[in-house]
Amino acid sequence: MKNRNLILLSYQKYFYSFVKILLIISFACIHYACSNSNVEKQLSEAESLIIERPDSTISLLVQMDTTRMSKNQIARQELLFLYTQLIYGNQIPIDSAGIAEGDEFFVGKLNSDEIKWLIVKSAEAHRSGNPIARIELLKDAEFLAIQSDDKPDLGIVYFFLSKVYEQGFNGIVSKYYADKALAIFKDLIWQSKIRDTRMAIVGAYCVDRDYKTALDSLIAMQPEVMANAHDGYKIYFLDQLARSYDEDGQSTKAIEIWHSIYDSTDVSANTLAHWARAYWHINELDSAYMLIQQANALPHNNSDEYLCRNVEYAILEKMGRKHELERIDSLRAIASNKIGEERHLEETSLALNIKYDSATRLAWLEASKSRNRAYVAILITLLTVFAAVAIYIFLKKRNRLLQLEHENDILKIESLQDNLFKSDSRNNDMSIRVSELFKTRFNLMDGLASAYFECKDSQQEQKRIYSEVKRALSNFGTKEAIDELTEIVNGYKNNLMEHFKTDYPKMSPAQYKTALYLFCGFSLPAISIFTDTEIRNLYVYKSRLKSAISKSETPRKEEYLQYFE
């Protein structure tokens with residue numbers, strides 16, 4: 001019975017522990033669900049405020065605590081932030097890693113988030129200079145927005161499509177999309193975008209060169225803009241109004257508007273060019289030329305460059321400065337070519353509408369995927385071939401270099417062997433010469449000693465010894481002795497005599513002979529005997545020779561001068 005109670009108590013203890021763990025997990029799940037629900041609620045609230053209070057949307061998104069959010073929620077928060085900034089005129093660049101991450105979270109979802117993401121990507125394509133990708137992304141977004149009946153995003157898509165065709169100089173299609181966007185924004189009572197869309201319609205009129213209608217539209221808009229728009233937008237609106245007045249022939253009124261909204265520094269190159277053209281219209285050429293020079297000095301794109309050069313050409317032509325016209329014409333021709341490249345759309349609006357028709361969209365997507373797979377396969381094949389060729393060339397060149405290094409090493413070894421052989425031969429020859437010189441010295445001493453012995457204590461002693469010494473010493477002045485001394489000096493003193501003759505090629509044979517004796521270490525009295533020259537003359541020769549060496553620029557002169565001390 002006791003054991004049974006212990007077992008029951010043990011089971012009861014385990015049961016309570018299990019219940020506690022279960023409760024903890026339940027509370028954690030409930031907390032996570034509540035937290036997740038709260039984050040989703042904040043994101044939905046931020047999205048709902050985009051139309052009426054975009055500033056509140058930005059503020060709410062920035063203040064959200066990302067530590068309590070999932071990766072998907074963080075991605076959605078960033079998407080709403082980018083989208084809100086974009087539709088109110090403040091695009092934030094996205095790098096390739098950010099685009100890849102956005103594609104992972106939003107592509108294929110077929111919801112409002114994917115539509116917003118396609119719009120953001122289209123703006124990035126425009127910023128990077130890819131108009132075809134931009135229009136394709138916008139048409140994809142249009143298709144999804146129509147299918148899901150997403151009015152706000154569809155209106156934004158139509159608005160951006162109107163800007164695309166305005167920049168492509170197709171005013172009719174631009175106005176078509178702007179009218180569709182305007183109808184949606186009026187239904188939504190989205191005042192700021194109604195204003196922007198009406199300005200897009202004005203842009204479409206300008207593309208079609210219907211400046212009168214454009215001016216009438218701007219005048220009709222003026223009361224609402226001046227009453228409700230912020231200061232920056234008012235300046236932009238008045239700038240466009242001034243341009244329209246100038247195109248309508250009311251250049252003086254246009255100039256007055258520009259003077260009222262701009263100071264001398266805060267003006268773009270584009271506005272300065274239009275301002276200068278207004279002065280040109282009323283024949284105030286000095287003011288026009290000053291403004292166009294200011295415009296040329298400011299940063300501007302190719303369209304602004306073309307506009308500035310056109311205005312500058314007209315001003316210089318009216319001023320009579322015809323010698324400058326050719327240069328300006330070449331500059332505007334270059335800008336015109338660049339504009340043509342930038343604004344070239346490879347597909348027409350009709351082709352794009354057929355391509356993105358709902359009945360053919362899936363087939364097009366599949367074909368696009370197949371084409372991408374084929375491109376990837378071709379790219380991988382090309383990279384493999386290039387890598388194989390590069391490796392083959394590298395190995396071939398490496399083997400050739402190794403072969404050349406081996407041949408070079410063999411040549412070095414052969415050269416060393418040859419040098420060793422020549423050095424050995426030279427040393428043997430020099431040893432023979434030294435031996436002969438050694439024997440000559442002792443033969444001289446032996447001959448003098450023999451002569452002295454034979455005539456010792458006789459009347460002919462002095463005369464005989466003098467005769468023998470004179471005969472022995474006179475041999476040092478012969479050509480054979482000179483050649484032998486030259487070889488000995490060159491052999492033992494690193495070709496000293498050869499260097500001396502090379503450094504001083506204009507010296508006389510007597511000077512060379514004097515230098516040779518000095519290099520051998522003979523004194524002036526000995527040299528006087530060898531050359532049969534008075535010793536005072538030798539002092540003069542030695543001094544002149546030393547002076548000539550001292551005045552020379554040869555790098556070995558210090559080596560020569562040490563024998564003249």
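Nearest heavy atoms, Ile255 versus Ala278: CG1-CB, 3.7 Å. The minimum heavy-atom distance linking Cys206 with Ala214 is given by the pair SG-CB, 3.9 Å. Taking all atoms of both residues into account, the shortest heavy-atom contact from Ala295 to Cys308 is CB-SG, 3.9 Å. The heavy-atom pair separating Ile261 from Asp239 by the smallest distance is CD1-N, 3.8 Å.
Taking 4.0 Å as the cut-off between side-chain N and carboxylate O, Arg309 and Glu312 count as a salt-bridged pair. For the pair Glu256 and Lys253, the salt-bridge criterion is not met [side-chain N within less than 4.0 Å of a carboxylate O]. Ion pairing of Arg277 with Glu247 is present here, as a side-chain N (NZ or NE/NH1/NH2) and a carboxylate O approach within less than 4.0 Å. Look at Lys139 and Glu136 and you find no salt bridge, because none of the NZ, NE, NH1 or NH2 atoms lies under 4.0 Å from a carboxylate O.
Geometric assessment of Arg321 against the ring of Tyr289 yields a positive cation-pi assignment under the 6.0 Å and 45° thresholds.
Lys116 places none of its side-chain heavy atoms less than 4.5 Å from the side chain of Arg76. Within the 4.5 Å cutoff, the side chain of Leu182 has heavy atoms near those of the Lys186 side chain. Two residues are said to be in side-chain contact when any heavy atoms from C-beta on lie closer than 4.5 Å; Leu241 and Ile219 meet this criterion. Taking 4.5 Å as the limit, some side-chain heavy atom of Ile115 sits within range of a side-chain heavy atom of Ser148. Annotation: side chain of Tyr83 is in contact with side chain of Ile119 (closest heavy-atom distance under 4.5 Å).
Judged purely by distance below 3.5 Å, without hydrogens or angles, the side chains of Trp117 and Asp103 pair a donor atom with an acceptor atom. Using modelled atom types and a 3.5 Å distance limit, the side chains of Thr271 and Arg243 yield a donor-acceptor pair.
In this structure, Tyr88 and Trp190 have tilted ring planes: the angle between them lies in the 30° to 60° band.
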